[in-house]
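Note sheet for the following structure.
Hydrogens, waters and symmetry mates play no part in the numbers below; they use all other heavy atoms, side chains included. As the structure is a prediction and not an experimental result, all values here were calculated from the model.
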Amino acid sequence: MFITFEGGEGSGKSTAIKKLEQALINAGKKVLITREPGGTPISEQIREVILRKENTSMDPWTEAYLYAASRRQHVIEKIKPALEKGIIVISDRYLDSSLAYQGGARGLGIKEVLTLNHFAIDGLFPDLTIFFDLPPEEGLSRISHNSNREVNRLDVERMAFHEKVRAAFYELKTLYPERIHMIDASLTPDEVFAEIEKLIPDLLRK
Ligand code: TYD
């Protein structure tokens with residue numbers, strides 16, 4: 001079972017992942033939590049290149065290839081071997097982040113970025129993808145509330161970008177209705193977790 005979590009800043013996905021990990025362990029399951037970009041030493045090194053602040057001149061396709069390269073290493077070195085041992089793998093972001101951020105928000109095209117990722121995922125689509133849906137303003141206000149930070153011009157620009165990311169996830173949901181499930185991330189952490197439990201009752205049973 002391969003489960004991926006998707007969603008923007010301040011959506012509460014990391015809290016939910018921790019809760020799910022604990023619930024699965026309590027049910028006697030073996031679980032591996034991982035993340036993208038990253039998850040293996042090589043993938044983490046690629047992550048540093050992608051997210052380094054000075055790399056402002058990075059071409060969108062270069063960015064898409066780097067995410068895909070990082071993913072390929074992650075799939076081959078970590079995710080597939082764990083799945084073969086019967087371990088439940090949960091990844092904080094995966095393929096759909098590339099489809100939404102690079103394909104949708106950066107405008108490269110969802111189909112085109114999926115084609116680029118063909119060899120990266122090596123046939124491995126998630127069994128279940130949980131998308132934490134939240135208006136970008138709300139995600140941002142949760143973050144600034146935490147750090148007492150004021151909202152600046154860049155944040156506003158980022159908001160327009162995150163609106164596009166969100167729109168792309170809605171499109172992905174229509175492309176993969178069986179696989180992608182949306183959760184209203186404005187609910188409380190307990191309510192969010194109750195929604196997750198409904199999606200995988202069999203896994204959470206001892
Ligand atoms: P990270 O700090 O891990 O984000 P978060 O805590 O929001 O999950 O940074 C990852 C960033 O990379 C995030 O803004 C989403 C972006 N991203 C892509 O644009 N494409 C991808 O394929 C992936 C995996 C992430």
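- No donor-acceptor pair under 3.5 Å is formed between the side chain of R106 and the backbone N or O of E63.
- The pair R35-E44 meets the salt-bridge criterion, since a charged nitrogen lies less than 4.0 angstrom from a carboxylate oxygen.
- In this structure, A185 and R142 approach most closely via the heavy-atom pair O-NH2, 2.7 Å.
- Residues forming a ring-ring contact (aromatic ring centres under 6.0 Å, His included) with F132 (at least two apart in sequence, or on another chain): F5.
- Remark: Y67 pairs with no residue by the ring-ring contact (aromatic ring centres under 6.0 Å, His included) rule, at least two apart or across chains.
- Paired with L20 under the rule side chain to side chain contact (heavy atoms under 4.5 Å, CB included), one option of L204, V31, I88 passes, and it is L204.
- Between the side chain of E48 and the backbone N or O of Q45, no donor-acceptor pair lies under 3.5 Å.
- Clustering ILVMFWY residues whenever any of their side-chain heavy atoms sit less than 4.5 angstrom apart, transitively, puts I46 in a cluster other than the one holding F119.
- In summary, the side chains of T4 and T129 do present a donor paired with an acceptor at a separation below 3.5 Å, with no hydrogens or angles considered.
- When the options H74, R47, R72, Q73 are evaluated for a side chain to side chain contact (heavy atoms under 4.5 Å, CB included) with I42, the one that passes is Q73.
- Within 6.0 Å of the NZ atom in K80, the count of heavy atoms belonging to other residues, nucleotides or ligands exceeds 12.
- A donor-acceptor pair under 3.5 Å links the side-chain atoms of K173 to the main chain of I180, judged by distance alone.
- No donor-acceptor contact under 3.5 angstrom links the side chains of D96 and Y176, judged on distance only.
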Query raised in the report: Would L99 and F169 count as a side chain to side chain contact (heavy atoms under 4.5 Å, CB included) if you check the C-alpha gap in whole Å, the side-chain angles of each, and the deciding distance to 0.1 Å?
Result: CA-CA 8 Å; L99 302 181; F169 270 112; over 6 Å; no
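- Heavy atoms from other residues, nucleotides or ligands lying under 6.0 Å from CZ of F193 number more than 12.
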Requested in this report: Could you please spell out the steps behind the side chain to side chain donor-acceptor pair (under 3.5 Å) verdict for T188 and E191?
Outcome: CA-CA 5 Å; T188 67; E191 287 168 334; 3.3 Å; yes
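- For the atom pair D133 CG and M182 CE, the distance stands at 5.5 Å (nearest 0.5 Å).
- Closest approach of A120 to A68, counting heavy atoms only: CB-O, 3.4 Å.
- For the pair E21 and K18, the salt-bridge criterion is not met [side-chain N within less than 4.0 Å of a carboxylate O].
- At a threshold of 4.5 Å between side-chain heavy atoms, the hydrophobic network of Ile, Leu, Val, Met, Phe, Trp and Tyr places V165 and Y94 in one connected group.
- L199 is not connected to F125 by any chain of hydrophobic side-chain contacts under 4.5 Å among Ile, Leu, Val, Met, Phe, Trp and Tyr, and they are in different clusters.
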Query raised in the report: Going through the distances and angles, do L128 and M1 end up as a side chain to side chain contact (heavy atoms under 4.5 Å, CB included)?
Result: CA-CA 8 Å; L128 170 67; M1 184 80 181; 4.1 Å; yes
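- Residues I90 and I200 fall within the same hydrophobic cluster, defined by Ile, Leu, Val, Met, Phe, Trp and Tyr side chains chained together at heavy-atom separations under 4.5 Å.
- Taking CD1 of I79 as the reference point, atom OG1 of T40 lies at 9.5 Å (rounded to 0.5 Å).
- With hydrogens and angles left out, the side-chain atoms of S97 and E6 include a donor and acceptor closer than 3.5 Å.
- Among all heavy-atom pairs drawn from P136 and E163, the shortest one is CD-OE2, 3.4 Å.
- Scored by the ring-ring contact (aromatic ring centres under 6.0 Å, His included) test, Y101 finds no partners at all (sequence neighbours excluded).
- Residues W61 and F161 share a single hydrophobic cluster, defined by chaining ILVMFWY side chains whose heavy atoms lie under 4.5 Å apart.
- Using a distance-only test at 3.5 Å, with no hydrogens or angles considered, no donor-acceptor pair links the side chain of N55 to the main chain of M58.
- Atom CZ in R71 sits 13.0 Å away from atom CG in D122 (nearest 0.5 Å).
- Defined by atom type and a distance below 3.5 Å, a donor-acceptor pair is present between the side-chain atoms of S186 and D184.
- Using a 4.5 Å heavy-atom cutoff, the side chains of L66 and T62 are in contact.
- Under the 4.5 Å side-chain criterion, counting only non-hydrogen atoms from C-beta, P201 is in contact with R205.
- Across all non-hydrogen atoms, the minimal contact from V192 to A16 is CG1-CB, 4.5 Å.
- Here the CG atom belonging to L95 is positioned 6.0 Å from the CG atom belonging to L114, to the nearest 0.5 angstrom.
- Minimum heavy-atom separation, S43 to S70: OG-O, 2.9 Å.
- Separating the CZ atom in F2 from the CZ atom in R179 is a distance of 9.5 Å, to the nearest 0.5 Å.
- Using a 4.0 Å cut-off between charged nitrogen and carboxylate oxygen, D92 and K13 count as a salt-bridge pair.
- Heavy-atom minimum distance, S11 versus L134: CA-CD2, 3.9 Å.
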Requested in this report: Go through the steps for K78 and L32 under the test side chain to side chain contact (heavy atoms under 4.5 Å, CB included), then give the verdict.
Outcome: CA-CA 9 Å; K78 192 167 178 184; L32 173 72; 4.0 Å; yes
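- When only modelled atom types and interatomic distance are considered, E138 and S141 share no side-chain donor-acceptor pair under 3.5 Å.
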Requested in this report: Determine, stepwise, if the pair D127 / I3 fulfils side chain to side chain contact (heavy atoms under 4.5 Å, CB included).
Outcome: CA-CA 6 Å; D127 298 295; I3 305 173; 5.9 Å; no
